[in-house]
Number of protein chains: 2
Amino acid sequence: MARPREFDEDEVLQAALRLFWEKGYEGTSLSDLMDATRLTKSSLYKAFGNKETLFWRVVERYQRDFLDFRHGALAEPTPRRIAERLLDGIVELHGGRVNPVGCLELNTALAGSTDSEPIRQELIRGRELFRQRLRDRFEETMAAAPLPSGMTSDDAASFVISLIQGLAVQAKGGVPPETARRVVHAALLSWPEA
Amino acid sequence: MARPREFDEDEVLQAALRLFWEKGYEGTSLSDLMDATRLTKSSLYKAFGNKETLFWRVVERYQRDFLDFRHGALAEPTPRRIAERLLDGIVELHGGRVNPVGCLELNTALAGSTDSEPIRQELIRGRELFRQRLRDRFEETMAAAPLPSGMTSDDAASFVISLIQGLAVQAKGGVPPETARRVVHAALLSWPEA
DNA sequence: AGAATTAGGGACCGATTGGTACATTATCAC
DNA sequence: GTGATAATGTACCAATCGGTCCCTAATTCT
C-alpha cells in the first residue's frame, strides 16, 4: 500500500559488509556506504536507522555467512580436532581472494576515536563469549583425547584465540595463506592425536 | 637568537605517544593532541610539521623506549631462548598498568580510511623487516639447538610473529598478563631445550 | 635601542563527518 | 481517479577534521 523498495536489502548489506570489513567501523564513511550501495542517505537511514545499527546488521550477517564454520569445529570430538578445524577455517576465511583480508570485527575492535568505544567493547565481549564456549568444549572433550601436557582447557582456549587474532592480523598484512597454514601446523605440534 | 621554546619536546612526544598508542593514528585528532600536550596547533605544526611526521617521531620513540628488548632477545644463542625472551618482553610490555594496552603500531596498522593507507603499509613493512631478522637469527642459532621438528626458520619466525600480534590484540581486549604468560608457555611447549 | 629571528595565540580555511527536514515520487487499496 | 502510505532525492545542519595565515610576544645579536 505504498511505494515499494527499489533495492534489495540483502545486496545492500553485502556491499556494506565488504566496506566495513575492509576499513572497520570508523574507517567507513556514510559517503563510502552511499557509493557502494548506490543508495541515498535517506534510503539508508530509512532502512537501517543509522550507521551503528547498520554495522550491527552487517556483523550479524558476517557471523552467519563467514563464521559458521565455528559450529562444526566446536562439534568435533577431541581438542585437537576442534582446534584444527577452527584454525583451518580461519586460514581459509582469510585466504580467499574473494573476501577482504583480515577480520571484520578485529578491524573495528582494535583502535579508534572514543566515539566508537562502546562498539569496540561489545565486539570484545562477543570474542570473550566465544572463548568461553571454546574452553567449555575443550573441557568436555579432553577426556576423549588429552590436551598438551600442563595445559588447562582455559589455557588452550586462550592460546587458540590468540593465534586466531594473530592470523587475522597477518592476513591483513598480506601474509599468504600457505604461510598461515604452516603457522597453524607449527602451533599444533604439541597437541596429541595427530 | 630568537624566542625560546616554552615546552619540552620530549614531554610533548611522550604525551602524543600515549594518545597514538591508545587510539591509533586516525583515532587521534589534532584537538586530542592539543589537549594532551597543552600546545596550540601553531606550536605543534611549527615543531613537528604535521600530524603524520609527528606520528613517525612518536613511532621512533616507541621503538626506542618500549621495543628495545627485541635486541637482547635476538642476541640469545638458541631459537627457544630467542622466542622466549621476545614473547616474555611482549607480555611485560602489554601487562603493565603504566602503559596503554595493546601495540601502538598494530592499533594503527589494522584498519582505517583510505587516507592513512600509506602509513599502514609502512608499518606493515617494518613488521616484515623484523620478521626477516627473526628468521635469520633462527637460521643462525638452530645449529646450537634445533627448532621443533618439521619447522623451518621461516615457519618459526612467522609463528612467533603471529603470536606476538595475537597477544597484542588480547591485551587490547583486556586479557590479563597472567593469561598471556600461560599462552606463551603453551606456544613454546614443542620448542626444545627448556 | 634597535633589528632579526623564532615561538605562540587565534582566527580562519575548505572538506568531510554523521544525521535531519522536507518536498517529491511511486505504489497500493478503494 | 483519489487518498493513504512509504520510498526517494535534495538541501541542509552543526560539529569536526587536518591545515594555514598572520599578528603578537619573547629572546639574542649588533
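Predicted, not measured: the structure shown is a model, and the values here were computed from it. Within every chain, numbering begins at 1; the chains are lettered A, B, ... in the order of the sequence lines, protein sequences first and strands thereafter.
Between the P atom of D:dC21 and the NZ atom of B:K46 lies a distance of 12 Å, rounded to the nearest Å. Straight-line distance from the CG atom of A:L44 to the P atom of C:dT20: 13 Å, rounded to whole Å. Rounded to whole Å, atom C1' of C:dG18 lies 17 Å from atom CZ of A:F48. The separation between A:L33 atom CG and C:dT17 atom P is 10 Å, rounded to whole Å.
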Donor-acceptor contacts, no H, no angles, side chain residues 95-103 of chain A, under 3.5 Å, sequence neighbours left out:
none

Please output the side-chain donor-acceptor pairs of residues 66-78 of chain B that fall under 3.5 Å, not counting sequence neighbours, one pair per line with the distance.
unit_1 : atom_1 : unit_2 : atom_2 : d
B:H71  : ND1    : B:D68  : O      : 3.4
B:E76  : OE1    : B:R81  : NE     : 3.0
B:E76  : OE1    : B:R81  : NH2    : 3.0
B:E76  : OE2    : B:R85  : NH1    : 2.4
B:T78  : OG1    : B:R81  : N      : 3.2
B:T78  : OG1    : B:E193 : OE1    : 2.8

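Nearest nucleotide to the B:E6 side chain, out of D:dG9, D:dT8, C:dG8: C:dG8.
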Taking only nitrogen or oxygen atoms into account, show me every contact under 3.5 Å that the protein makes with nucleotides 13-20 of chain D, one pair per line with its distance.
unit_1 : atom_1 : unit_2 : atom_2 : d
D:dC17 : OP1    : B:S29  : OG     : 3.1
D:dC17 : OP2    : B:S31  : OG     : 2.7
D:dG18 : OP1    : B:T28  : O      : 3.3
D:dG18 : OP1    : B:K51  : NZ     : 2.7
D:dG18 : OP2    : B:L30  : N      : 2.6
D:dG19 : OP2    : B:Y45  : OH     : 2.5
D:dG19 : OP2    : B:K51  : N      : 3.1
D:dG19 : O5'    : B:Y45  : OH     : 3.3
D:dG19 : N7     : B:K41  : NZ     : 3.4
D:dG19 : O6     : B:K41  : NZ     : 2.6

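Judged purely by distance below 3.5 Å, without hydrogens or angles, the side chains of A:S116 and A:R120 pair a donor atom with an acceptor atom. Under 3.5 Å, the side chains of A:N50 and A:T53 contain a donor-acceptor pair of N or O atoms.
Between B:R61 and B:D10 a salt bridge is recorded (basic side-chain N to carboxylate O distance below 4.0 Å).
By the side-chain contact (heavy atoms from CB on, under 4.5 Å) test, B:P118 pairs with no residue at all, sequence neighbours left out. Applying the ring-ring contact (aromatic ring centres under 6.0 Å, His included) rule to B:F138 yields the partners B:W191; only residues at least two apart in sequence or on another chain are considered.
For DNA chain C, none of the residues of residues 7-24 of chain A falls under the heavy-atom distance limit of 4.0 Å.
At the phosphate of D:dA7, neither OP1 nor OP2 sits under 4.0 Å from any side-chain N or O atom of A:S43.
A:K172 places a side-chain N or O within donor-acceptor distance of the main-chain N or O of A:E22, the cut-off being under 3.5 Å.
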